[in-house]
2 protein chains.
Amino acid sequence: MKNMAELIAQQLETMLEQSPDGVIEIQRGALASQFACVPSQVTYVLATRFTQERGYLVESKRGGGGYIRVVKLPLDPRNALPKIIHAIAADPLTQAQAEGYIQWLYREHLLTRREAMMLLAAVDRNVLELPVDLRDTMRSRLLSAMLMALMRAN
Amino acid sequence: MKNMAELIAQQLETMLEQSPDGVIEIQRGALASQFACVPSQVTYVLATRFTQERGYLVESKRGGGGYIRVVKLPLDPRNALPKIIHAIAADPLTQAQAEGYIQWLYREHLLTRREAMMLLAAVDRNVLELPVDLRDTMRSRLLSAMLMALMRAN
DNA sequence: CCCTTTTGACTATCTTTGACCTTCGATTGC
DNA sequence: GCAATCGAAGGTCAAAGATAGTCAAAAGGG
């Protein structure tokens, strides 16, 4: 018998496969009691096995009627974007580097013209008015977060 | 099963859509008993989901024959964006306020789904990881800069 | 030993509830 | 008439409740 993290991961995977649209919603506490473990165990499983690099997206809401939604991304975006996003997120970015990525994505038709313009505005040094090192970090965070959002949008 | 706040919000949204002029009048107590909740629950829903940033206006009158009127503000697509950008740029923005504006513009079809998602990612407090006051200022700068870029894109 | 898993105390966020307050129209007492 | 009073709305706010997130220490397993 495997460890509990594996069991929980398998159950989630099964549920995802049985779901017609590749989206499931669970309640953390409920799943935890089903497996007789602490709720943060579920968080751990999601954090280690349902990551963006593996093609999953996780959203949640707290409070009464709260939930955790797990989305299995379709194959196509799973190849191109995540790798680039990972590269972008890894290190701080200069404006020139950021613009390079954006232009490349635009040329590859992964961004519309409007989307590219928005991203260019967001990475502009006049908009990101911060000390240089912090600015380059924020630029990287922003660009990767926005591109990640795009993956989720489909 | 959803929470009650969502249910009430949905009902109000439905009523607004069915109303020809985008105006509805309700009685707080009546709506509360329809949903078997306390009246202040209705106040909560209005305060959190029918805000000015989201394009709604709420007026009310107390006393006998009192009411709550909810108005869905009309948006002239031609000059809406400049006005909203102006409002956004004027002051620092909380995440909730920023999300309100984005959702409004999306509802009114001035943003595509993808664009809205990108903007939502950009104003997220986890992405804009800075001291709160600076964060709210950056949020305002970012959002207005990106929306301005969109205007220019056409 | 080092890496992964398991736990739980503490934190953050959102919702629900209720006691108390304010406003307004209607009624009453003079 | 007119002010005092009353009842019927809606408003405020803070506490309690319901979830989920974080983080680091403890426990397992190679």
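The structure displayed is predicted, hence computed values, not measured ones. Chain identifiers are assigned alphabetically (A, B, ...) following the order of the sequence lines, protein sequences preceding nucleic acid strands; residue numbering begins at 1 within each chain.
Residues from residues 41-55 of chain B with heavy atoms under 4.0 angstrom of DNA chain D, sorted by number: B:Thr43. For the contact set between residues 25-35 of chain A and DNA chain D, defined by any heavy atom under 4.0 Å, the members are A:Gln27, A:Arg28, A:Gly29. Against DNA chain C, the stretch residues 59-73 of chain B makes heavy-atom approaches under 4.0 Å through B:Lys61, B:Arg62, B:Gly63, B:Gly64.
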Just the atom pairs and distances: protein N or O near nucleotides 26-28 of chain C's N or O, under 3.5 Å.
none

Pairs under 3.5 Å (N/O, protein and nucleotides 25-30 of chain D):
none

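Protein atom NZ of B:Lys2 is 16 Å distant from nucleotide atom P of D:dT19, rounded to whole Å. Taking atom CD of residue A:Gln10 and atom P of nucleotide C:dT5, one finds them 13 Å apart after rounding to whole Å. Distance B:Glu99 CD to C:dC14 C1': 13 Å, rounded to the nearest Å.
Contact of the A:Leu134 side chain with the A:Leu128 side chain is not registered, since no non-hydrogen atoms from C-beta on lie closer than 4.5 Å.
Among B:Arg107, B:Arg49, B:Lys72, the one residue that satisfies the side chain to side chain donor-acceptor pair (under 3.5 Å) test with B:Glu13 is B:Lys72.
Across the interface with DNA chain C, nearest-nucleotide mapping of A:Met4 and B:Ala36 shows A:Met4 to be the residue nearer the 5′ end.
In this model, a side-chain donor or acceptor of B:Ser40 finds a partner on the base of C:dG18 within 3.5 Å.
Across all non-hydrogen atoms, the minimal contact from A:Leu110 to B:Arg114 is O-NH2, 3.2 Å.
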Exercise for review: Start with the C-alpha gap between B:Ile24 and B:Gln18, add the side-chain angles, then the distance that decides, and say whether side-chain contact (heavy atoms from CB on, under 4.5 Å) holds.
Suggested key: CA-CA 9 Å; B:Ile24 58 173; B:Gln18 283 169 1; over 6 Å; no
Without placing hydrogens or testing angles, list every side-chain donor-acceptor pair under 3.5 Å for residues 89-97 of chain B, not counting sequence neighbours.
from, atom 1, to, atom 2, distance (Å)
B:Thr94, OG1, B:Gln97, N, 3.1
B:Thr94, OG1, B:Gln97, OE1, 3.4
B:Gln95, OE1, B:Arg125, N, 3.1
B:Gln95, OE1, B:Arg125, NE, 3.4
B:Gln95, OE1, B:Arg125, NH1, 3.4
B:Gln95, NE2, B:Glu99, OE2, 2.8
B:Gln97, OE1, B:Thr94, N, 2.9

